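To keep things clear, I will list the structure first and then write my remarks on it.
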Protein chains: 2
Amino acid sequence: MNVDSVAFAKAIADETRQEIMQHLCCVWLSVNDVVDKLGGKVNQPTVSHHLKKLEDAQLVLVRQEGRQRFYTLNQEQLTVCCGLLVRSFAPDYAAKVVPVDAIPVVEHE
Amino acid sequence: MNVDSVAFAKAIADETRQEIMQHLCCVWLSVNDVVDKLGGKVNQPTVSHHLKKLEDAQLVLVRQEGRQRFYTLNQEQLTVCCGLLVRSFAPDYAAKVVPVDAIPVVEHE
DNA sequence: TTGACATATTGATAAACGTCGATACAATGA
DNA sequence: TCATTGTATCGACGTTTATCAATATGTCAA
């Protein structure tokens with residue numbers, strides 16, 4: 001049983017967080033940029049809270065610049081985690097879906 | 001923003017549930033079989049609760065047989081959900097991960 | 001240093017969730 | 001019919017979590 005895949009699932013198991021992830025896909029945004037993108041759905045401390053959770057799960061990359069912090073989605077980590085899930089829970093599909101050489105070696109059990 | 005990927009994440013965002021999924025991978029087990037496999041970690045009503053959550057997310061297939069209900073992991077649904085995640089949140093990697101036979105062949109141009 | 005701005009942290013609150021014991025429901029066999 | 005077995009549901013409880021307002025921390029400019 002792999003604890004990391006539980007941590008990954010918990011990290012993305014929130015609608016607001018996935019919305020933030022969507023906005024951070026392929027672009028770097030400051031915290032306030034994200035707050036603005038969410039259009040008043042939640043306010044700044046909540047966004048910071050979610051970004052911290054995503055950072056803990058290594059699902060975002062962070063770059064400090066002056067007094068701002070820029071975040072972007074870590075696509076590689078997300079891909080790795082999904083690959084892990086498929087390998088663990090869909091072995092019959094793993095070979096078809098994920099190229100073997102792209103799968104990091106998993107340590108578990 | 002895709003609601004289904006949030007539902008999927010919530011469904012697998014629990015350690016006990018992932019443990020159950022592990023045991024249901026490639027085999028059919030009755031509820032009590034699962035309870036036994038968990039070796040006293042949780043008891044029967046809790047297992048039923050988790051199986052219902054997994055069933056709601058279509059992550060398990062169910063077969064009634066007499067007074068027993070047999071469950072097995074739905075590997076296809078899990079694969080689909082992971083593919084959805086990668087396409088949504090890792091577009092730069094999606095091309096490598098999506099199965100070749102799922103891509104429609106273009107004959108000309 | 002002072003003030004303004006960007007972000008993180010804290011404390012409180014309400015909702016969601018996992019778990020349990022007890023019990024209800026359903027199917028089988030005597 | 002009744003008793004037994006397998007599973008689901010209910011009600012309660014404690015924990016986790018998302019959210020907010022208020023405040024602290026950190027950075028830069030004047």
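Letters A, B, ... mirror the listed sequences (proteins, then strands); counts begin at 1. Keep in mind that this is a model prediction, so the values were computed, not measured.
At a cut-off of 3.5 angstrom, the base of D/dT7 holds no donor-acceptor pair with the side chain of B/Arg67. Side-chain N/O atoms of B/Gln68 and base N/O atoms of C/dA27 include no donor-acceptor pair closer than 3.5 Å. For C/dA6, the base has no donor-acceptor partner in the side chain of A/Gln44 [N/O atoms by modelled type, under 3.5 angstrom].
When the C1' atom of C/dG18 is taken as reference, atom CG of B/Leu54 falls 13 Å away, rounded to whole Å. Going from atom CD of B/Gln64 over to atom C1' of D/dT5 covers 13 Å, rounded to whole Å. When the P atom of C/dA24 is taken as reference, atom NE2 of B/His49 falls 21 Å away, rounded to whole Å. Between the CZ atom of B/Phe70 and the P atom of D/dT5 there is a distance of 17 Å, rounded to whole Å. Rounded to an integer number of Å, the gap from CZ of A/Arg63 to P of C/dA6 is 16 Å. The CD1-C1' distance, from B/Ile12 to C/dC17, rounds to 16 Å in whole Å. Here the P atom of nucleotide D/dA18 and the CD atom of A/Gln18 are 12 Å apart, to the nearest Å. Across the protein-nucleic acid pair, B/Glu15 atom CD and D/dT16 atom P stand 13 Å apart, rounded to whole Å.
Across all strands shown, B/Tyr71 has heavy atoms under 4.0 Å from sugar-phosphate atoms exclusively, and none from any base. Note on B/His50: only backbone sugar-phosphate atoms sit closer than 4.0 angstrom, heavy atoms only; bases stay farther off.
For B/Asn43, no side-chain nitrogen or oxygen approaches OP1 or OP2 of C/dT19 to under 4.0 Å. For A/Arg69, no side-chain nitrogen or oxygen approaches OP1 or OP2 of C/dA6 to under 4.0 Å.
Atom SG of A/Cys82 and atom CZ of A/Phe8 lie 4.0 Å apart (nearest 0.5 Å).
Side-chain atoms of A/Gln22 and B/Ser88 include no donor-acceptor pair closer than 3.5 Å.
Looking at B/Glu15 and B/Arg17, no side-chain N of the basic residue comes within less than 4.0 Å of a carboxylate O on the acidic one, giving no salt bridge. A salt bridge links B/Glu55 and B/Arg69; the closest N-O separation between the charged side-chain nitrogens and carboxylate oxygens is under 4.0 Å. The pair B/Glu19-B/Lys41 meets the salt-bridge criterion, with a side-chain N (NZ, NE, NH1 or NH2) lying under 4.0 Å from an Asp/Glu carboxylate O.
For residues 23-41 of chain A, proximity to DNA chain C is found at A/Ser30, A/Val31, A/Asn32, defined as any non-hydrogen atom under 4.0 angstrom from a strand atom.
Residues satisfying the side chain to side chain contact (heavy atoms under 4.5 Å, CB included) criterion with A/Ala90, sequence neighbours excluded, are A/Val86, A/Tyr93, B/Gln75, B/Leu78, B/Thr79.
Under a hydrophobic clustering in which Ile, Leu, Val, Met, Phe, Trp and Tyr are joined whenever their side-chain heavy atoms come within less than 4.5 Å, directly or via other members, B/Leu61 and B/Met21 fall into different clusters.
Annotation: of the two residues near DNA chain D, A/Pro45 and A/Glu65, the 5′-most nearest-nucleotide partner is A/Pro45. When the nearest nucleotides of DNA chain D are assigned to A/Lys10 and B/Thr46 by heavy-atom distance, the more 5′-ward of the two goes with B/Thr46.
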